[in-house]
Amino acid sequence: MTKGIKGWLWVYLIGSIPILMVYSMALSGWFFEYPFVLMVCIFITLASPLVLIITKSSQAPHWNIFMLRTVFILMTLRSISVFLEPGGKEMSLNEMLSLSLTLLFILSISLVWTILWTKYFNKSIRVKNTFV
């Protein structure tokens, strides 16, 4: 019987930390000039579903899927807002293209991460056995 936090669940936990740090930095800079305290608070909020996995809460899969989807939506809105900021500096075509490609790359990683782990949490026998 496959049960417990092993294998892919550890990959998810360890891999989520740097990704959530990037999300925290991006979201903390949405309205303010990237304050460290706000970034830490956002990170703790986003990482709280990871704690549910470690404690083997039955709600862990649900809250992690919710967090993944919510963050993807927020990151999409954050990326769009970069181009809509009032009083933002004028960008050349090259700067705009470079920024667009960077944001597209970040959103693509976020989307792939969300899809893969949502499928894993919904279909994995280990997840079902661990978080019954």
Side-chain angles (χ1 to χ4, degrees):
M1 178 158 127
T2 55
K3 187 175 183 176
I5 302 172
K6 297 179 185 169
W8 290 111
L9 281 173
W10 278 116
V11 171
Y12 172 73
L13 285 170
I14 293 168
S16 291
I17 292 172
I19 291 173
L20 292 177
M21 289 172 120
V22 170
Y23 295 161
S24 300
M25 287 185 280
L27 294 173
S28 71
W30 201 340
F31 300 106
F32 304 104
E33 291 298 317
Y34 303 97
F36 181 75
V37 173
L38 180 58
M39 185 187 77
V40 170
C41 291
I42 291 171
F43 176 78
I44 290 169
T45 301
L46 296 178
S48 59
L50 300 178
V51 175
L52 295 175
I53 290 175
I54 294 169
T55 61
K56 297 180 184 174
S57 168
S58 63
Q59 294 298 310
H62 168 75
W63 281 107
N64 276 273
I65 290 169
F66 177 77
M67 180 268 300
L68 288 166
R69 291 175 179 175
T70 301
V71 169
F72 175 71
I73 292 167
L74 289 173
M75 288 302 292
T76 301
L77 293 173
R78 173 65 174 121
S79 296
I80 293 168
S81 76
V82 168
F83 298 102
L84 303 176
E85 290 177 356
K89 75 169 196 150
E90 293 290 322
M91 287 189 270
S92 70
L93 186 58
N94 285 339
E95 290 173 322
M96 193 174 286
L97 182 60
S98 177
L99 181 59
S100 296
L101 290 174
T102 301
L103 294 173
L104 184 62
F105 177 73
I106 292 169
L107 286 176
S108 297
I109 289 173
S110 182
L111 180 61
V112 168
W113 190 257
T114 299
I115 290 170
L116 287 174
W117 291 110
T118 298
K119 284 186 176 200
Y120 179 75
F121 280 116
N122 284 328
K123 297 195 184 278
S124 169
I125 293 170
R126 179 176 298 279
V127 169
K128 283 183 178 71
N129 289 338
T130 301
F131 302 107
V132 177

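Just so it is clear, the values below take in all heavy atoms, side chains as well, and ignore hydrogens, waters and symmetry mates. For reference, positions follow the sequence shown, starting with 1. What you see is a predicted model; the values in this text were computed from it and never measured.
Taking the side chain as every heavy atom from C-beta outward, Leu52 and His62 never approach each other to under 4.5 Å. Within the 4.5 Å cutoff, side-chain heavy atoms of Leu50 are placed close to those of Leu20. Counting heavy atoms from C-beta outward, Ser124 and Lys128 have side chains that stay 4.5 Å or more apart. Between Arg69 and Ile65 the shortest side-chain heavy-atom distance falls below 4.5 Å. Counting heavy atoms from C-beta outward, Asn94 and Ser98 have side chains that stay 4.5 Å or more apart. Looking at heavy atoms from C-beta onward, Tyr23 lies in side-chain contact with Ser110 at the 4.5 angstrom threshold.
Once rounded to the nearest 0.5 Å, the distance linking CE of Met67 with CZ of Phe72 reads 14.0 Å. For the atom pair CD1 of Ile19 and CG of Leu68, the computed distance is 9.0 Å after rounding to the nearest 0.5 Å. Rounding to the nearest 0.5 angstrom, the gap separating the CG atom in Leu99 from the CG atom in Leu103 is 4.5 Å. Here the CG atom belonging to Leu27 is positioned 13.0 Å from the SG atom belonging to Cys41, to the nearest 0.5 angstrom.
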Give every donor-acceptor pair under 3.5 Å between a side-chain atom in residues 7-14 and any protein atom, sequence neighbours left out.
{"residue": "Trp10", "atom": "NE1", "partner": "Ile5", "partner atom": "O", "Å": "2.7"}
{"residue": "Tyr12", "atom": "OH", "partner": "Asn64", "partner atom": "OD1", "Å": "2.8"}

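When hydrophobic clusters are built by joining Ile, Leu, Val, Met, Phe, Trp and Tyr residues whose side-chain heavy atoms come closer than 4.5 Å, directly or via intermediates, Met75 is not grouped with Ile109. Each of Ile115 and Leu104 belongs to its own hydrophobic cluster when Ile, Leu, Val, Met, Phe, Trp and Tyr are linked at side-chain heavy-atom distances under 4.5 angstrom.
Counting non-hydrogen atoms of neighbouring residues, nucleotides and ligands closer than 6.0 angstrom, the NZ atom of Lys119 reaches no more than 12 such neighbours.
Here the side chain of Arg78 pairs no donor or acceptor atom with the backbone of Ile73 at under 3.5 angstrom.
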Stepwise side-chain contact (heavy atoms from CB on, under 4.5 Å) test for Ile53 and Phe121: CA-CA 11 Å; Ile53 290 175; Phe121 280 116; 3.8 Å; yes
Test log, rule side-chain contact (heavy atoms from CB on, under 4.5 Å), inputs Phe43 and Ser28: CA-CA 9 Å; Phe43 176 78; Ser28 71; over 6 Å; no
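In this structure, Phe66 and Trp63 have perpendicular ring planes: the angle between them is above 60°, well past the 30° mark.
When all heavy atoms of Ser57 and Pro61 are compared, the closest pair comes out as O-CD, 4.2 Å.
Hydrophobic side-chain contacts under 4.5 Å tie Leu101 into a cluster, directly or through other members, with Leu97. Clustering of Ile, Leu, Val, Met, Phe, Trp and Tyr side chains at separations under 4.5 Å places Val22 together with Met25, Phe36, Met39, Val40, Ile44.
None of Val71, Thr45, Ile42 except one satisfies the side-chain contact (heavy atoms from CB on, under 4.5 Å) rule with Ser24; the exception is Ile42.
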